[in-house]
Amino acid sequence: MASSNGTVQATTRTVRFRIERSDGPGRGTRWEIFDVPVASGGEGSGSANVISCLQWIAAHPVTVEGRETTPITFDCGCLEEVCGACTMVINGKVRQACSCLIDDYAPNEGDEITLEAMSKFPTVKDLFVDRTRLFNDLKRIKGWVPIDGSYNLGAGPRETPDTQQVRYKLSECMSCGCCLEACPQYTLEVEPSGKGFVGAAVISQARYFNEHGTGSTLKKDRLDVMSGVGGVSDCGNAQNCAKACPKEIPLTESIAAIGRSTTFHRIKQFFSGK
Amino acid sequence: MSGSDRQRVLVVGGGLAGLAATIRIAEAGIPVDLFSLVPVKRSHSVCAQGGINACNEVARQQGYSEYEHFDETVYGGDFLQHQPPVYEMAHWAPKVIDLLDRMGVPFNRTAEGQRQLRLFGGSLYKRTHFAGATTGQQLMYALDEQVRRYEAEGRVNKYEFWEFLRPVIDEDGRTQGIIAQDMRTMQIRGFRGDAVVMATGGCGLVFGKSTNSVMCTGAAAARCYKLGVQYGNPEFVQVHPTAIPGADKLRLMSESARGEGGRVWVPAKKNSSGQWEPHPNSGMDPRQVPQDERWYILEEKYPAYGNIVPRDIATREIFSACMDGFGVGGGNMVYLDLTHKSPEFLETRLGGIMEIYRKFVGEDPVEVPMKIFPGVHYSMGGLWTRYSADADYARVKGGSMAFDLDREWDPDERPACGLDPEATDNMMTNVDGLYAFGEVNYQYHGANRLGANALLSCIFDGLFCGQGVVKYVQGRSSSPAAEVSAAIFERGERDEEEIVRRLIDSSGGENAYDIGRELGEEMTAASTVVKSGGRLESALVRLGELRARYDKLSLADTGMWTNQNLSYSRAVGDMLLIADAVLRGGLNRKESRGSHYREDFPTRDDANYLKTTVATYNTGTGQADISLEDVEIGLVEPRLRTYGAVESGEKEEEKATAGASGA
């Protein structure tokens with residue numbers, strides 16, 4: 001249907017992909033290089049992105065040396081940067097592959113694009129990593145509003161437009177892991193102990209739930225986690241997270257806010273003995 | 001351990017419908033195993049943008065009601081729905097919104113802190129609740145968080161990156177579980193379940209490029225269909241009027257853009273007799289096109305609804321304008337213009353889609369009109385399901401299908417509800433114990449879905465029909481799936497391993513990605529906005545060729561560790577089956593209704609086709625056998641569906657003035 005706009009004749013150029021591959025956990029890595037023809041000059045958004053190039057390679061899995069190989073394994077979903085699945089390291093920078101337009105990244109004939117798996121999560125295969133730890137950390141901080149069940153009990157708490165705008169921004173976090181990849185304190189754990197640094201995404205989610213009327217009833221539990229091992233004090237203030245976030249979530253603000261709450265929480269604990 | 005202690009429900013799919021079902025069933029104390037191709041938080045429901053419909057106090061005080069919501073949905077669907085489920089859903093909608101609100105969904109707010117509302121397609125009242133332009137994502141996250149809570153409490157087990165391969169149905173026709181595959185280790189194994197809920201979404205990938213996510217192949221539905229589960233209304237596939245073309249997919253530009261005032265236009269000039277003609281310089285900078293050279297296609301033809309006519313109508317108007325040479329620059333594109341709105345307004349109401357447009361097109365819709373074209377978006381059809389109408393609904397009907405349609409219903413006489421909440425078969429397929437919820441369920445939307453009703457139908461299915469699943473499971477506590485002989489599971493595992501082995505061993509030289517792409521191109525060309533008998537016939541011939549080529553695949557990756565090549569190749573085989581049902585359903589339906597437009601039969605034919613298409617897989621021919629089944633009309637009589645189009649002579653003015661002044 002909307003496959004081409006039919007107005008501007010597209011031309012084709014070649015983009016070279018250097019892709020770091022791995023057959024599985026602990027199986028080492030190797031590089032493979034592919035030349036991918038890319039249509040350019042098309043008006044509108046008909047232009048290619050990293051996903052469409054990986055799809056092209058899947059249909060033509062032959063390296064530049066002419067050697068037949070397997071399609072690249074990678075994670076992807078919505079292809080419009082709302083699901084977070086296709087996060088990878090592109091030309092050294094972590095981001096979603098779907099919104100990485102080839103015209104921006106490799107505008108000229110022969111330009112090169114390098115793809116690597118995120119390094120802070122265990123590799124499953126090629127560019128596909130296992131981000132279970134991130135979801136487990138959301139359990140650690142009790143990342144939910146503790147409602148009294150799903151029966152009809154009327155509306156939730158009212159909210160000012162200002163609070164809604166703050167919470168909406170935080171709620172856009174798609175658990176992609178960009179902030180964690182960019183963070184010097186967040187490290188790959190081979191044997192997950194469950195006590196590593198939770199990182200900016202999870203700290204920001206703790207703030208998100210603490211900001212909600214009903215969600216705040218678990219504030220104490222969340223601040224216990226935040227003041228413990230792997231909590232907010234592990235943050236080294238490098239501030240890479242906010243720069244890496246594709247949704248421009250104010251992660252450093254969230255870290256500061258949770259840092260303050262945690263301090264009050266500790267003082268209160270000290271004086272009350274609880 | 002007693003039988004009931006070992007009972008559990010398997011939910012396949014972790015989008016809105018699957019998560020809502022999981023919450024309802026786990027809350028009732030029955031453990032749930034939740035299967036998903038992706039971490040559930042990344043399910044396709046996150047792509048929904050515009051909002052979720054429900055009657056609300058502001059609209060109610062202007063004359064709107066749950067009944068109006070029901071009526072709009074049926075009118076929007078061109079009367080093809082069974083009406084009792086739609087009636088029930090519309091009445092549940094306000095409760096669904098309240099629940100989401102309690103879960104913490106950041107709905108946009110008014111100055112007073114109330115939930116804000118917007119206009120949406122097919123309604124003249126503001127009854128759409130929203131969270132920016134990422135409502136689906138926000139709703140998904142709220143349900144995902146509640147499921148995570150149950151997971152932490154041990155009531156839910158997630159099997160993420162697991163692929164559903166088939167339902168396990170015993171010799172008596174009862175569902176006992178599923179066979180699934182771990183897409184990392186490639187292990188195939190059976191899971192026992194006292195009921196199975198399919199919540200696996202739509203099949204956009206059958207059309208190649210669509211607004212759907214990559215996992216929306218329809219394969220899970222096809223795997224049920226292949227084993228005897230019937231498929232309803234396959235030919236009804238919604239083409240959304242406003243998507244942006246891309247090399248890998250079509251990206252949705254939400255209907256909320258028009259609900260918030262977006263205007264669809266093309267450059268054009270009026271000739272001496274006052275008729276619009278294509279603009280000689282239609283590729284010029286849109287900002288330089290004078291007002292009298294802008295043809296507002298929808299506003300001119302549908303003065304009451306304007307840009308918020310339902311999707312099937314907007315799509316056909318945009319499509320035919322482009323076919324008539326009015327497209328921007330002579331191509332397949334029209335303008336969707338928001339530049340008359342303030343940047344602040346656009347950021348708060350539509351930020352999510354503005355960002356998508358900026359990122360993927362590189363232009364700012366605040367400054368320049370967006371360029372859009374229709375794209376395949378949603379499947380009204382899906383697995384065929386049954387339901388039990390409520391006794392009160394039957395009372396109003398006089399207990400028979402022969403309804404007094406001429407009667408004016410007094411609001412007080414209307415039934416309290418549409419479905420029987422005690423029934424165990426609401427949204428159960430023709431296979432005992434196998435349910436279909438959400439987009440994979442063919443109910444609610446008829447021949448065309450109204451915008452912002454999908455999120456509602458998904459959550460409604462999970463919450464309301466999830467209760468039926470609980471009752472069904474409780475009803476079989478003396479014969480739980482845990483006690484069924486292992487043989488049927490072992491047989492299912494063996495059959496699936498055999499399918500894998502055949503794919504791995506095949507060496508015919510054909511590439512599944514090529515077949516998938518060619519299938520999509522053919523389906524898009526033959527079976528989307530405009531169809532004809534001849535074109536559908538030729539598509540079936542082409543499909544036959546593709547199926548023959550599919551039997552000669554060679555996989556580039558034959559390894560048994562995280563083999564996505566295998567997974568996709570297997571799904572292409574299933575997509576070919578869905579495509580067959582879509583084409584045969586469309587060929588059989590010799591009329592035009594909702595999204596299904598046949599240029600050889602351009603009018604609606606209630607006498608012959610006010611009926612559900614039921615596709616049954618024929619294991620002998622490998623094709624769909626098509627039959628028709630009566631639609632349960634209920635309260636709303638089929639009427640002319642014009643949306644007050646100028647040439648129809650119908651007026652919709654009274655309603656227009658009532659709704660337009662709303663909050």
Side-chain angles (χ1 to χ4, degrees), chain A residues 1-7 23-24 39 44-49 51-52 55 58-59 61 68 70-71 73 76-85 99 101 124-125 128 131 135 138-139 143-145 147 149-150 152-156 158-161 164-165 167-168 171-172 175 212 214-215, chain B residues 23-24 27 38-39 41-42 46-47 95 98-99 101-104 106 109 111 113 131-132 134 137-138 141 145-146 148-149 152 184 209 213-214 243-251 329-333 356 359-361 371 373-376 463 511 513-514 524 528 556-557 561-562 564-565:
Chain A
M1 177 126 332
S3 55
S4 74
N5 55 55
T7 46
D23 290 334
S45 77
S47 69
N49 58 13
I51 300 289
S52 70
Q55 288 172 339
E68 286 194 17
T70 53
T73 299
C76 69
C78 72
L79 310 187
E80 51 197 53
E81 212 190 68
V82 288
C83 83
S99 58
L101 302 183
V124 178
K125 188 177 174 181
F128 179 23
R131 283 170 274 187
F135 295 114
L138 290 173
K139 278 186 224 159
W144 51 77
V145 173
I147 57 167
S150 67
N152 183 26
L153 298 171
R158 278 200 198 177
E159 188 171 43
T160 66
Q164 184 271 344
Q165 286 292 300
R167 284 207 315 120
Y168 177 78
S171 181
E172 282 191 295
S175 301
H212 184 265
T214 318
Chain B
I23 289 168
R24 211 6 109 77
E27 187 179 346
V38 297
K41 190 174 179 178
R42 310 199 195 284
V46 296
C47 289
K95 298 187 239 179
D98 275 348
L99 174 61
D101 192 20
R102 283 171 51 225
M103 288 177 177
R109 299 285 165 166
T134 63
Q137 185 187 40
Q138 303 311 315
Y141 291 179
E145 290 148 11
Q146 295 300 323
R148 185 164 294 109
R149 175 188 180 191
R184 288 152 302 187
K209 285 193 250 179
S213 296
V214 296
I244 48 177
D248 51 343
K249 83 170 291 194
L250 312 176
R251 292 182 175 86
N332 286 336
M333 270 188 301
I356 291 177
K359 280 194 176 167
F360 289 93
V361 182
K371 285 183 221 151
F373 194 67
V376 167
L463 293 180
N511 183 312
Y513 297 93
D514 287 337
T524 298
T528 48
D557 188 347
W561 176 259
T562 321
Q564 294 177 332
N565 190 208

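No hydrogens, no waters, no symmetry mates; every other heavy atom, side chains included, goes into these values. Not measured: the values here are computed from a predicted model. First the proteins, then the strands, lettered A, B, ... as listed; each starts at 1.
- In this structure A:R167 satisfies the salt bridge (charged side-chain N to carboxylate O under 4.0 Å, His left out) test together with A:E159, sequence neighbours excluded.
- The shortest distance between side-chain heavy atoms of B:R42 and A:R131 falls below 4.5 Å.
- Of the listed residues (B:D514, B:T134, B:I23), the one with the most heavy-atom contacts under 4.5 Å to chain A is B:T134.
- Here the closest non-hydrogen pair linking B:W561 and A:G24 is NE1-CA, 3.7 Å.
- By number of non-hydrogen pairs under 4.5 angstrom with chain A, the leading residue of B:K359, B:R148, B:Q137, B:M103 is B:R148.
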| task | Under the side chain to side chain contact (heavy atoms under 4.5 Å, CB included) rule, what do A:Q55 and B:Y513 come out as? Steps first, then yes or no, please. | result | CA-CA 8 Å; A:Q55 288 172 339; B:Y513 297 93; over 6 Å; no
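- By the side-chain contact (heavy atoms from CB on, under 4.5 Å) test, B:T562 pairs with A:T73, A:V124, A:K125, A:F128, B:R184, sequence neighbours left out.
- Counting all heavy atoms, side chain and backbone alike, A:C78 lies closest to B:S213 at CA-OG, 3.3 Å.
- At least one side-chain heavy atom of A:I147 sits less than 4.5 Å from a side-chain heavy atom of B:Q146.
- One N or O on the side chain of B:N511 and one on the backbone of A:A59 form a donor-acceptor pair closer than 3.5 Å.
- Formation of a donor-acceptor pair under 3.5 Å by the B:D248 side chain with backbone atoms of A:S52 is not found in this model.
- The contact between A:E172 and chain B is made by backbone and side chain atoms together, counting heavy-atom distances below 4.5 Å.
- Of the residues considered (A:L153, A:T160, A:D23), A:L153 shows the highest number of contacts with chain B, using heavy-atom pairs under 4.5 Å.
- Formation of a donor-acceptor pair under 3.5 Å by the B:R102 side chain with backbone atoms of A:V145 is not found in this model.
- A:R158 places no side-chain N or O within 3.5 Å of a backbone atom of B:R109 that could act as its donor or acceptor partner.
- Taking CZ of B:F360 as the reference point, atom OG of A:S99 lies at 5.0 Å (rounded to 0.5 Å).
- The choice from A:N49, A:I51, A:T214 that makes the most heavy-atom pairs within less than 4.5 Å of chain B is A:N49.
- In this structure, the side chain of A:E80 does not engage the main chain of B:I356 through any donor-acceptor pair within 3.5 Å.
- Between the CH2 atom of A:W144 and the CD atom of B:E145 there is a distance of 10.0 Å, given to the nearest 0.5 Å.
- B:C47 and A:V82 get closest at one heavy-atom pair: SG-CG2, 4.1 Å.
- B:D557 and A:P71 get closest at one heavy-atom pair: CB-CD, 3.9 Å.
- Side-chain contact, A:S175 with B:K41: a donor N or O sits under 3.5 Å from an acceptor N or O.
- Ranked by non-hydrogen atom pairs under 4.5 Å with chain B, the options A:G143, A:G84, A:C83 are led by A:C83.
- For the pair A:S150 and B:L463, the minimum side-chain heavy-atom distance is below 4.5 Å.
- Contact of the B:V214 side chain with the A:L79 side chain is registered, since non-hydrogen atoms from C-beta on lie closer than 4.5 Å.
- Taking A:G215, A:P161, A:A85 one by one and counting their heavy-atom pairs under 4.5 Å with chain B, the maximum is reached by A:P161.
- Of all heavy-atom pairs spanning B:P39 and A:F135, the tightest one is CB-CE1, 3.8 Å.
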